[in-house]
Amino acid sequence: MKMNIFEELQKRQLIAQITNEEEVKNLINAGKAKFYIGFDPTADSLHVGHFMALCLMKRLQMAGNTPIVLIGGGTGHIGDPSGRSDMRSMMTKEMIDHNCECFKKQMERFIEFGEDKAIMLNNADWLLKLNYVELLREVGACFSVNNMLRAECYKQRMEKGLSFLEFNYMIMQAYDFYYLNTHHDCNLQFGGDDQWSNMLAGSDLIRKKTGRDAHSMTITLLLNSQGKKMGKTASGAVWLDKNKTSVYDFYQYWRNVEDADVLKCIRMLTFLPLDEIEKMENLKGAELNQAKEILAYELTSLVHGEDEAKKAQASAKALFVQGGDDSNMPTTKIETNENEISVIDILIQCNLTQSKGEARRLIQQGGVSVDEEKINSIDYKVPIEKLKEGIKIKKGKKIFHKAII
RNA sequence: GGGUAGAUGCCCGAGUGGCUAAAGGGAGCAGACUGUAAAUCUGCCGUCAUACGACUACGGUGGUUCGAAUCCACCUCUGCCCA
């Protein structure tokens, strides 16, 4: 017997909180949900967190439900304070519009839009038109400040300070749900677990205003075994835009997850059948490397397409297993007028180090090799002739880069 | 509006006139060990310079001083208390 969608979500441990389990279950299993997920345009590309939400959308769409993608062109003007310890920097209208456009393009690759399929809306279309006093009279009475202040999502900010601007975010999000419910028959909202308070506010508002039930369900946040959000590196988020995070780096991010997190990631992020995943659960120790490879391949393939995933996998294997093929390695064109160039300058031009001092240090500590040969002198220079064919630079153990002229 | 505490490097945080590029921790980077894992150990960790050294930096702007993260004035921002 085929597993129903709710059961599948449960088995994948994607469900965090639900306002009413029975009703939501019936709704989505019957394909009768018209649900929305909101995406605030905080950057010019989606990242892994958004990806999870998009996957959920796809799963629900495949089960016959109708998704509404809500782009936060209006809420982006405010900034969601949920779970944050500092205020978001304010974005200009131009930035927000630009980001919305970027989001749209990326989403079209995951979700099918069109007649009887998914629709995409932008809350700027109604939020920006609101009149302050009218809004206050319309929904203001439905919100209890006392309750709002108790909300989990503001906890962190109660210590460091919360501006009135951000405090209103919840009201805007609740209003969105109410608007979608009354104008588009939207009966369900999904979101990350950090959105729970905001979503509840929406369900409450709808009940108070219309007497109808509209439910909310959150998906588990993807945390690693240390309790930190996954999809973040020291240099920032792992982006879905390959100009911001190269396909190779994207692949490597997942190839390198900790043992403790692999299966969770496979379960929550990939579309692999559950029985296949169950088989992997017996893997132990070094065998888990196989699972990591699968994870990296599956995700890269979902985000960047099969061809790109194969390329990334091939170059990773070539590099780590034999050290041969370099055709898909990140490459930088070196600029110089001399007939030779120092490794230090190459490292900087390739963006492998931030400063000359760092590059020097790296070499002194034995962390750099060129074409498989360890560099021991900071004076090491590469002749132009060699650069014409391209050289392979290795920084540390895992970072490879090609430099060519 | 009144009172009060504060703003230090990527983050947290010590430092209250010279010994401070600024303790300590975290993050990060490299090396050893490994399985492209984790844990552990070692080194590094403002910029430029092979090095000597130079420059930039303790919210902002001025000032006092031979010398200021440290003292003074004003400004900006934030927490807390009172209204």
Side-chain angles (χ1 to χ4, degrees), chain A residues 81 84-90 149 154-167 223-230 232-238 246 248-266 280 283-297 299-300 312-326 328-330 342-345 347-348 350-370 372 374-381 392-401:
Chain A
R84 285 179 68 103
S85 55
D86 56 339
M87 182 166 161
R88 286 176 192 275
S89 51
M90 281 247 230
L149 288 174
Y154 295 135
K155 278 272 162 60
Q156 289 195 48
R157 296 298 292 280
M158 293 311 283
E159 289 161 25
K160 290 210 164 182
L162 174 70
S163 68
F164 185 65
L165 173 80
E166 291 182 284
F167 183 59
L223 302 176
N224 66 17
S225 47
Q226 272 137 51
K228 288 190 184 148
K229 264 194 198 177
M230 290 197 67
K232 289 236 157 73
T233 64
S235 43
V238 176
S246 73
Y248 180 79
D249 287 341
F250 185 88
Y251 181 91
Q252 283 300 321
Y253 178 85
W254 299 107
R255 181 62 246 282
N256 281 313
V257 297
E258 294 171 25
D259 286 9
D261 301 322
V262 201
L263 280 162
K264 179 167 54 185
C265 289
I266 292 185
M280 286 186 238
L283 296 177
K284 283 205 186 78
E287 290 172 344
L288 273 170
N289 268 328
Q290 296 164 30
K292 291 184 194 180
E293 234 173 73
I294 294 172
L295 171 70
Y297 178 82
L299 287 185
T300 312
Q313 186 166 47
S315 36
K317 275 196 176 152
L319 286 169
F320 287 98
V321 182
Q322 317 120 27
D325 176 39
D326 58 2
N328 298 304
M329 216 183 284
S342 72
V343 206
I344 294 184
D345 288 328
L347 286 170
I348 297 215
C350 294
N351 228 346
L352 291 171
T353 57
Q354 294 301 307
S355 69
K356 289 196 175 183
E358 192 185 332
R360 214 170 282 132
R361 208 182 304 132
L362 196 65
I363 296 169
Q364 280 162 351
Q365 292 182 132
V368 179
S369 49
V370 169
E372 303 300 311
K374 191 172 265 189
I375 304 299
N376 346 318
S377 159
I378 50 175
D379 293 320
Y380 188 91
K381 293 200 167 54
K392 191 165 70 191
I393 302 164
K394 184 178 172 197
K395 179 200 167 198
K397 286 179 193 129
K398 301 183 199 168
I399 299 169
F400 296 88
H401 204 98

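Note: hydrogens, waters and symmetry copies are ignored here, and every other heavy atom, side chains too, is used. Residue numbering restarts at 1 for every chain, and letters A, B, ... go by the order of the sequence lines. These numbers come from a predicted model, not from an experiment.
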For side-chain contact (heavy atoms from CB on, under 4.5 Å), just list the numbers for Thr300(A) and Gln313(A), CA-CA rounded to whole Å, side-chain angles, deciding distance to a tenth of an Å, and then say yes or no. CA-CA 9 Å; Thr300(A) 312; Gln313(A) 186 166 47; over 6 Å; no
Test your reading of the model: is there a side-chain donor-acceptor pair from Lys292(A) to the backbone of Val257(A), 3.5 Å cut-off? yes
Rounded to whole angstroms, how far apart are CG on Leu362(A) and P on C29(B)? 11 Å
Take atom C1' in U20(B) and the same atom in G15(B), then report the distance between them in whole Å. 9 Å
G43(B) base to Gln365(A) side chain: any donor-acceptor pair below 3.5 Å? yes
Length of the CZ-C1' vector between Arg360(A) and C29(B), whole Å: 16 Å
Lys398(A) has an atom NZ; how far is it from atom P of A38(B), in whole Å? 6 Å
Arg361(A) side chain, from C-beta outward: closest of C45(B), G35(B), U36(B): C45(B)
Can you check the distance between G63(B) and C45(B), where both ends of the measurement are the P atom (answer in whole Å)? 36 Å
Expressed as a whole number of Å, how far does the P atom of U42(B) sit from that of G26(B)? 12 Å
Trace of the side-chain contact (heavy atoms from CB on, under 4.5 Å) decision for Met230(A) with Tyr253(A): CA-CA 10 Å; Met230(A) 290 197 67; Tyr253(A) 178 85; 4.0 Å; yes
Using a 4.0 Å heavy-atom cut-off, does Lys160(A) contact any base of the nucleic acid, only the sugar-phosphate backbone, or nothing at all? sugar-phosphate
Once the angle between the rings of Phe167(A) and Tyr154(A) is folded into 0 to 90°, is it parallel (under 30°), tilted (30 to 60°) or perpendicular (over 60°)? tilted
Check for a donor-acceptor pair, side chain of Lys356(A) on one end and backbone N or O of Ile348(A) on the other, with a separation under 3.5 Å. no
Any strand, both distances under 3.5 Å, Watson-Crick or G-U wobble: C45(B) pairs with none
Of the listed nucleotides (U36(B), C29(B), U50(B)), which one gets closest to any side-chain atom of Arg255(A)? U36(B)
Just N and O in the side chain of Lys356(A): are any of them under 4.0 Å from OP1 or OP2 of A49(B)? yes
Write down the partner of A32(B) under the Watson-Crick or G-U wobble criteria, each distance required to be under 3.5 Å. U40(B)
For C80(B) versus G9(B), give the span between their C1' atoms, rounded off to a whole number of Å. 27 Å
Sort out the partner of C77(B) for me: Watson-Crick or G-U wobble, both distances under 3.5 Å, none otherwise. G6(B)
How close or far is atom P of U36(B) from atom OH of Tyr297(A), stated in whole angstroms? 21 Å
Base-pairing mate for U50(B) - Watson-Crick or G-U, with both contacts under 3.5 Å: none
Round to the nearest Å and state the distance from Lys284(A) atom NZ to A37(B) atom C1'. 16 Å
Sticking with atom C1', work out how far U76(B) lies from A27(B), rounded to a whole angstrom. 30 Å
Starting from P on U36(B), measure out to CG on Leu295(A) and report it in whole angstrom. 16 Å
With a 4.0 Å cut-off on heavy atoms, is Gln252(A) in touch with a base, just the backbone sugar-phosphate, or nothing at all? base
Quick check: on RNA chain B, is the nucleotide nearest Glu258(A) upstream (toward 5') of the one nearest Gly396(A), or the reverse? Name the residue that is more 5'. Gly396(A)
A30(B) P sits how many Å from Lys397(A) NZ, rounded? 8 Å
Identity of whatever pairs with C71(B) - Watson-Crick or G-U, under 3.5 angstrom: G63(B)
Please state the P separation for the pair A21(B) and C72(B) - nearest whole angstrom. 23 Å
Separation between the C1' atoms of A69(B) and A57(B), rounded to whole Å: 10 Å
In whole Å, measure the gap between the C1' atoms of G60(B) and G53(B) for me. 31 Å
Do any N or O atoms from the side chain of Glu293(A) and from the backbone of Gln290(A) form a donor-acceptor pair under 3.5 angstrom? no
For Ala260(A), which contact category applies under a 4.0 Å heavy-atom criterion: base, sugar-phosphate, or nothing? nothing
Gap between atoms CG and P, on Asp259(A) and U34(B) respectively (whole Å): 16 Å
Rounded at 0.5 Å granularity, tell me how far CG in Asn256(A) sits from OG1 in Thr233(A). 12.0 Å
Would you kindly compare Gln364(A) and Ser355(A) by the position of their nearest RNA chain B nucleotide and give the one closer to the 5′ end? Ser355(A)
For G1(B), the nucleotide meeting Watson-Crick or G-U wobble distances (both under 3.5 Å) is C82(B)
